[in-house]
Amino acid sequence: MYKTHYCGDLRASDAGTDVVLAGWVHRRRDHGGLIFIDLRDSRGIVQVVVNPEDAPEAHAAASDARGEYVLRIAGRVEPRRQGTENDRIPTGAIEVRATGVEILNPAKTPPFYINEDADIDEQLRLKYRYLDLRRERLHNNIVMRHRIVAEIRRYLTDRGFIEIETPVLANPTPEGARDYIVPSRVHPGEFYALPQSPQQFKQLLMVAGFERYFQIARCYRDEDLRADRQPEFTQLDLEMSFVEQSDIWDLFEELYLHLARTVRPDLNVPSPFPRITYADAMRRFGSDKPDLRYGLELNDFTDLVRETEFAVFRGAADSGGAVEGICVPGGAEFSRKEIDALTETVKQLGARGLVSIAYTAGMEALTEESVRSPVLKFIGVDLARRLGERAGANSGDLLLIVAGAGGMPAKEPGSAGRVKPSLDALRRALAQKLDLADRNTLQFAFVVDAPLVEWNDEEDRWDAVHHLFTSVHSDDLHLLDTDPGSVRSNAYDLVCNGWELSSGSIRIHRREEQVRIFELLGIIPEQQQERFGHMLEAFEYGAPPHGGFAPGIDRTVAIFAQETDIREMIAFPKTKSASDLMTNAPTPVDPSVLDVLGLQLKPRTARDGQ
RNA sequence: GGCCCCGUGGUGUAGCGGUCUAACAUGCCACCCUGUCACGGUGGAGAUCGAGGGUUCGAAUCCCUUCGGGGUCGCCA
């Protein structure tokens with residue numbers, strides 16, 4: 001072994017011990033005579049003192065050392081002199097008096113600082129990811145990730161879950177995200193797809209009788225990326241037989257509370273986790289993953305504005321659209337510029353504009369002089385008062401209202417379908433502006449009773465909201481034929497602080513129910529057989545009732561590490577354009593490789609023309 | 001695919017039409033320094049401003065294109 005101890009492990013109790021350490025030069029302080037070296041290894045940092053009088057050769061080597069040089073140092077652990085202790089580091093009570101210093105490997109000056117937490121260009125960080133990972137912040141993140149995954153495995157194993165691997169070379173998913181495709185050499189012209197999730201396999205494991213399965217599974221989706229999305233990501237995939245929704249919620253609430261206690265006991269994690277319906281989440285917050293750390297709830301004003309002469313409001317109400325808004329406590333003081341910025345926020349989400357009404361008196365005493373609004377002359381004091389009353393406004397508050405017209409595609413700018421997303425964005429912008437979200441709180445919640453299907457305008461059909469194996473809420477079975485859009489499913493999410501952490505559902509386990517859903521989704525019998533024949537058949541061999549959940553590991557650890565970007569939790573992440581700046585993946589392959597696979601590339605221009 | 005932001009010594013920034021023969025901090029190099037811990041002191045090297053084109057007497061600064069990175073909407077069963 002190169003070393004007898006880890007730098008970061010040494011304590012006052014080790015005083016008097018002879019040690020051999022190996023690590024990197026974190027910092028060097030050369031006093032001409034004495035040289036101090038902060039030596040870093042995977043466990044932490046310790047100060048080494050090299051005195052030319054008691055180790056001239058060691059001193060010479062220490063003189064040559066520079067930042068990030070790899071050193072082996074022999075010496076004795078000694079208590080620091082009175083007054084030179086450093087209580088900012090765990091090893092600060094002691095230091096290592098060097099008797100020998102050996103340079104194991106020199107190092108070029110790194111392209112960025114390893115020893116401080118500065119903001120570095122992402123591009124550079126990704127190119128030299130192995131150096132970025134040396135920095136304390138990422139190092140700690142990766143360690144925390146391990147601790148969480150280890151706890152998950154232990155927790156589930158203790159409860160009788162079995163970890164089972166499923167194939168990475170699988171079949172394409174006909175719906176949902178774009179697949180990553182892998183050509184088959186043995187079957188020219190045929191392809192595997194990398195799994196978007198192990199969905200079908202885990203259900204088949206339930207049919208196989210394991211009852212409690214989990215897996216830390218890599219998943220692949222070829223879609224555009226975000227701060228919380230990578231082309232390959234990890235999920236805790238879990239499935240249980242003979243359970244109801246609340247069994248799964250209870251299991252995961254306990255798991256997440258356990259994780260919080262284990263890795264972040266300092267954070268405030270309110271429990272029990274609220275269970276709110278999808279409909280309530282949308283109505284109150286305009287989002288299916290609301291941040292529940294603050295209020296700023298939405299108010300529906302549509303019924304109040306039918307009589308107004310203000311065309312924007314009335315037009316929206318009359319056309320079956322929506323007029324909704326948020327009351328901002330103390331917001332009456334916002335400047336024109338501030339409101340303009342908020343207007344820009346909602347416009348980017350498809351709102352036509354933002355109507356503001358500032359109140360400088362209570363609703364009971366409201367006059368023309370105590371309402372400030374660009375539209376006051378259209379709506380009048382009376383409507384301003386009724387809107388304020390509905391929203392619970394007080395003197396000094398500001399009402400911000402978005403109107404959207406009905407009768408047009410939901411994703412069209414200015415449509416009623418844009419009102420909720422606009423107000424969701426507005427709500428989050430306001431919370432940030434007013435600093436309403438307590439950084440040290442993790443407010444988890446289950447969002448339940450999600451819709452079964454949603455209408456796809458482009459394809460002119462119903463699409464599954466969760467996935468096509470999701471079972472129907474028993475109260476809504478009668479609506480399946482008449483009003484599919486309002487059918488609830490047994491699907492649920494776990495959300496936290498505005499993040500969607502997990503999705504799951506109770507699955508269909510009977511063939512006839514599955515076929516009925518396939519029919520609703522416009523999958524004809526021939527396709528059912530071709531794509532899902534194995535599932536339908538499996539359901540005929542005694543499939544148990546079952547359901548599951550699949551939290552994103554990257555997002556989960558990001559939440560606990562208080563990072564806003566999952567790239568900070570992944571050792572080797574990809575850029576927004578799904579490339580790896582360190583290894584340069586993806587790359588073209590040699591024509592002979594394509595040849596073996598029976599593939600031929602189209603010229604670039606031909607592909608662009610499609 | 002749309003919209004938005006960014007790209008200046010190794011790193012982080014400033015400069016936003018002539019005063020830029022590009023500034024500051026830090027890092028780097030050399031010398032001095034025996035108790036520092038973001039050690040200190042003195043001196044020095046180091047970028048033609050992502051790339052290409054254009055406007056102009058003159059461009060890091062304005063315009064266009066392009067590449068790369070990021071944010072966001074669409075998309076993500």
Side-chain angles (χ1 to χ4, degrees), chain A residues 26-38 45-54 59 66-68 80-89 91-92 95 97 108-128 131 172-179 196-197 199-200 219-231 233 344-345 347-350 410-413 418 421-422 425 428 450 452-454 456-459 462-470 489 491 500 503 505 517 521 523 552 564-565 567 574-577 579 581 608:
Chain A
H26 190 68
R27 221 179 274 282
R28 193 180 67 108
R29 292 177 293 280
D30 186 344
H31 286 240
L34 282 184
I35 295 175
F36 296 93
I37 289 174
D38 292 339
I45 292 170
V46 72
Q47 173 167 286
V48 176
V49 199
V50 190
N51 191 323
E53 284 171 13
D54 47 52
H59 186 267
R66 293 292 182 271
E68 301 308 312
R80 292 201 189 183
R81 292 183 187 184
Q82 192 96 46
T84 67
E85 302 91 344
N86 184 348
D87 55 16
R88 292 195 302 276
I89 58 173
T91 61
E95 63 193 5
R97 194 182 181 93
K108 289 165 70 174
T109 300
F112 50 81
Y113 306 108
I114 309 293
N115 52 16
E116 50 188 270
D117 187 24
D119 275 336
I120 311 292
D121 183 52
E122 287 243 14
Q123 225 167 320
L124 199 65
R125 292 178 58 197
L126 290 170
K127 180 173 178 189
Y128 296 98
L131 295 180
T173 315
E175 303 202 0
R178 242 173 260 122
D179 288 313
Q196 297 177 24
S197 82
Q199 182 60 37
Q200 295 184 32
C219 305
Y220 308 85
R221 292 176 192 175
D222 186 6
E223 292 292 345
D224 287 345
L225 305 176
R226 290 283 193 287
D228 61 353
R229 284 193 228 153
Q230 281 274 296
F233 61 99
E344 194 48 42
T345 299
K347 277 187 171 173
Q348 279 166 13
L349 274 294
K411 281 163 188 165
E412 202 69 17
R418 295 280 82 195
S422 301
R428 286 182 283 124
L452 183 73
V453 294
E454 66 182 345
N456 183 332
D457 270 321
E458 285 159 28
E459 304 287 337
W462 293 103
D463 278 348
V465 169
H466 182 52
H467 58 56
L468 61 196
F469 306 110
T470 304
S489 66
E500 179 192 309
S503 284
S505 64
I517 297 302
L521 298 174
I523 302 171
T564 55
D565 190 329
R567 283 181 292 243
K574 293 188 170 54
T575 67
K576 204 199 153 194
S577 57
S579 50
L581 297 181
D608 290 345

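First the proteins, then the strands, lettered A, B, ... as listed; each starts at 1.
Taking side-chain N and O atoms only, R80(A) has no distance below 4.0 Å to OP1 or OP2 of U36(B). Residue T575(A) has no polar side-chain atom (N or O) positioned under 4.0 Å from OP1 or OP2 of G68(B). Here R66(A) reaches the OP1 or OP2 of A30(B): one of its side-chain N or O atoms lies under 4.0 Å away. Taking 4.0 angstrom as the limit, R226(A) places none of its side-chain polar atoms (N or O) nearer than this to OP1 or OP2 of G70(B). In terms of phosphate contacts, R29(A) brings no side-chain nitrogen or oxygen within less than 4.0 Å of OP1 or OP2 of U36(B). Note on K127(A): every side-chain N or O is 4.0 Å or more away from OP1 and OP2 of G68(B). When the side-chain nitrogen and oxygen atoms of R418(A) are compared with OP1 and OP2 of G74(B), one or more of them lie within a distance under 4.0 Å.
Among the heavy atoms of the strands lying under 4.0 Å from D30(A) is at least one base atom, whether or not backbone atoms are also near. Residue D565(A) is in sugar-phosphate contact alone, with no base atom involved, counting any heavy-atom pair closer than 4.0 Å across all strands shown. Across all strands shown, R567(A) has heavy atoms under 4.0 Å from sugar-phosphate atoms exclusively, and none from any base. Using a 4.0 Å heavy-atom cutoff across all strands shown, T84(A) reaches at least one base atom of the nucleic acid. As judged by a 4.0 angstrom heavy-atom cut-off over every strand, N51(A) is placed among the base-contacting residues. Note on N86(A): a base of the nucleic acid sits closer than 4.0 angstrom, heavy atoms only. The residue Q199(A) sits close to a base: some heavy atom pair falls under 4.0 Å. Residue contacts for E85(A): at a heavy-atom cut-off of 4.0 Å it reaches a base atom on one of the strands shown. As judged by a 4.0 angstrom heavy-atom cut-off over every strand, E95(A) is placed among the base-contacting residues. As judged by a 4.0 angstrom heavy-atom cut-off over every strand, A118(A) is placed among residues making no nucleic acid contact. The residue L521(A) sits apart from the nucleic acid: no heavy atom pair falls under 4.0 Å. Across all strands shown, L124(A) has heavy atoms under 4.0 Å from sugar-phosphate atoms exclusively, and none from any base. Base engagement by Q47(A) is indicated by at least one non-hydrogen atom pair under 4.0 Å involving a base atom. In this structure, T345(A) reaches neither bases nor backbone, as no heavy-atom distance under 4.0 Å exists between it and the strands shown.
Remark: A23(B) base-pairs with U13(B); criterion is Watson-Crick or G-U wobble with both hydrogen-bond distances under 3.5 Å.
S579(A) contributes atom OG, which lies 9.0 Å from atom NZ of K574(A) (distance to the nearest 0.5 angstrom).
For Y113(A), taking side-chain heavy atoms from C-beta onward, the closest of the listed nucleotides G1(B), U11(B), G70(B) is U11(B). The L34(A) side chain lies nearest to G35(B) when the options are G35(B), G10(B), C29(B). Side chain of R229(A), nearest nucleotide from G74(B), G35(B), C76(B): C76(B). Side chain of I120(A), nearest nucleotide from A77(B), C39(B), G12(B): G12(B).
For the pair D54(A) and R97(A), the salt-bridge criterion is met [side-chain N within less than 4.0 Å of a carboxylate O]. Between E223(A) and R178(A), at least one side-chain nitrogen of the basic residue sits less than 4.0 Å from a carboxylate oxygen of the acidic one, meeting the salt-bridge criterion.
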Subject >> R567(A) vs D565(A), salt bridge (Lys or Arg N to Asp or Glu O under 4.0 Å): CA-CA, chis, key distance, verdict >> reply: CA-CA 5 Å; R567(A) 283 181 292 243; D565(A) 190 329; 2.6 Å; yes
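In this structure, R28(A) and D30(A) have side chains that are in contact, with non-hydrogen atoms separated by less than 4.5 Å.
Stacking of F112(A) onto the six-membered ring of U11(B) is not present when judged by under 5.5 angstrom between centres and under 30° between planes. Residue ring and base: H31(A) does not count as stacked with C33(B) (centre distance below 5.5 Å and interplanar angle below 30° not both satisfied).
For S197(A) against A77(B), a side-chain N or O and a base N or O form a donor-acceptor pair under 3.5 Å.
Neither side chain, Q47(A) nor N86(A), offers a donor N or O lying under 3.5 Å from an acceptor on the other.
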